[in-house]
A.B. asks: 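Please find one structure pasted underneath; my questions will follow.
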Amino acid sequence: DAKTTQPTSMDCAEGRAANLPCNHSTISGNEYVYWYRQIHSQGPQYIIHGLKNNETNEMASLIITEDRKSSTLILPHATLRDTAVYYCIVRPLGGAGGTSYGKLTFGQGTILTVHP
Amino acid sequence: EAGVTQFPSHSVIEKGQTVTLRCDPISGHDNLYWYRRVMGKEIKFLLHFVKESKQDESGMPNNRFLAERTGGTYSTLKVQPAELEDSGVYFCASSERQGIRSGELFFGEGSRLTVL
């Protein structure tokens, strides 16, 4: 799986948009970008994923650059409960090359702190 | 709908003893995964079940770890004998039948293992 690079930590004011960047310059054409987060003492939580088009759901938006070498996760109105470690993960389509569909490679992630 | 449940939430044992962790996936989810985070390290994949069959066990650290999923429902992860370096949080996750576009794993709260 392609390697991802994320800032170690970020701060955001409550109510403002949180923009979390991720670099994945070695991403392959068949690899998706996934975002998960882990709130303290809980298990990881899926947020969103995309291939090349921008995606939006009830939790967040995912903006992928045209060359697909980087992406940004946007939390439009951050709340204190969004304080967590955010993981950007790149992986191929399920089953490609024998890779287990759910075999996610978690890096260090970005510690997002939302303050009042 | 119940989420992924894990038991026990915390276990404290002495080196050399045996511990069995249990995971109940979301009902109807064929795929079940085990991950763990040892102190100071990243979350790592251990193995993947499709129903009762092991699809990928490439992340299992050694033969002291035994995972089972009899009947394709709940799963157990046994550590025997436990070593100090096994201390950490063990996460279980489940997902629906493998699909090209679906990337969402549902994680449990984790079982914290402390080996003294």
Side-chain angles (χ1 to χ4, degrees), chain A residues 1-6 8 27 29-53 55 57-60 62 64 71 73 84-111, chain B residues 3-7 9-10 21 23-26 29-38 40-51 53-60 67 69 75 88-112:
Chain A
D1 297 350
K3 180 178 173 57
T4 63
T5 304
Q6 299 177 249
T8 301
I27 192 170
N30 67 341
E31 291 182 314
Y32 281 79
V33 179
Y34 290 83
W35 283 84
Y36 278 75
R37 73 179 181 183
Q38 186 178 20
I39 297 171
H40 183 61
S41 297
Q42 297 182 20
Q45 177 189 26
Y46 166 85
I47 301 174
I48 198 168
H49 77 281
L51 182 62
K52 57 183 178 180
N53 298 318
E55 302 288 344
N57 63 20
E58 65 278 6
M59 291 183 66
L62 174 61
I64 302 174
S71 61
L73 178 73
V85 181
Y86 286 78
Y87 298 97
C88 172
I89 299 167
V90 172
R91 73 166 311 284
L93 298 174
T99 301
S100 175
Y101 158 68
K103 187 176 181 179
L104 304 177
T105 301
F106 289 85
Q108 295 288 348
T110 296
I111 301 171
Chain B
V4 176
T5 56
Q6 295 187 243
F7 181 83
S9 57
H10 192 186
L21 310 177
C23 168
D24 285 80
I26 292 173
H29 281 192
D30 289 341
N31 297 282
L32 186 149
Y33 315 86
W34 284 97
Y35 284 78
R36 76 170 181 176
R37 182 205 292 272
V38 295
K41 299 290 183 61
E42 300 161 2
I43 299 172
K44 295 287 190 183
F45 168 86
L46 295 179
L47 87 159
H48 169 206
F49 283 100
V50 177
K51 297 185 179 180
S53 299
K54 293 177 183 175
Q55 177 79 8
D56 181 349
E57 52 184 329
S58 61
M60 294 289 267
R69 193 184 182 194
S75 175
V89 182
Y90 290 75
F91 294 104
C92 177
S94 71
S95 70
E96 294 178 311
R97 191 185 304 275
Q98 184 167 332
I100 291 177
R101 300 190 63 80
S102 174
E104 183 173 6
L105 271 63
F106 296 85
F107 282 82
E109 301 270 307
S111 290
R112 179 175 295 278

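Order of the sequence lines sets the chain letters (A, B, ...), proteins ahead of strands, with each chain counted from 1.
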A.B. asks: Would you give the length of the straight line joining atom CD of Glu104(B) to atom CD1 of Ile47(A), rounded to the nearest 0.5 angstrom?
C.D. replies: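 Rounded to the nearest 0.5 Å, the CD-CD1 separation comes to 11.0 Å.
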A.B. asks: Determine the minimum heavy-atom distance between Glu109(B) and Ser41(A), stating which atoms define it.
C.D. replies: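 Closest heavy-atom pair between Glu109(B) and Ser41(A): OE1-O, 3.9 Å.
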A.B. asks: Among Glu42(B), Lys41(B), Lys44(B), Arg112(B), who wins on heavy-atom pairs under 4.5 Å with chain A?
C.D. replies: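 When all of Glu42(B), Lys41(B), Lys44(B), Arg112(B) are compared, Glu42(B) has the most.
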A.B. asks: Are more than 12 heavy atoms from other residues, nucleotides or ligands located less than 6.0 Å from atom NZ of Lys51(B)?
C.D. replies: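 12 or below, so no.
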A.B. asks: Does His40(A), at its NE2 atom, have more than 12 non-hydrogen atoms belonging to other residues, nucleotides or ligands within less than 6.0 Å?
C.D. replies: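 Atom NE2 in His40(A) is not packed in, count stays at 12 or less.
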A.B. asks: Do you know which two heavy atoms are closest between Gln38(A) and Phe91(B), and how far apart they sit?
C.D. replies: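 Heavy atoms only, the tightest pair is NE2-CZ, 3.2 Å.
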A.B. asks: Let me know if Phe106(B) has heavy atoms under 4.5 Å from chain A in its side chain, its backbone, both or neither.
C.D. replies: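 No part of Phe106(B) comes within 4.5 Å of chain A.
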A.B. asks: Any side-chain heavy atom of Leu104(A) within less than 4.5 Å of one from Tyr33(B)?
C.D. replies: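 SC-SC contact between Leu104(A) and Tyr33(B) ruled out.
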A.B. asks: Once rounded to the nearest 0.5 Å, what's the spacing between atom CG of Leu105(B) and atom CD of Gln45(A)?
C.D. replies: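 Interatomic distance, Leu105(B) CG to Gln45(A) CD, rounded to 0.5 Å: 13.0 Å.
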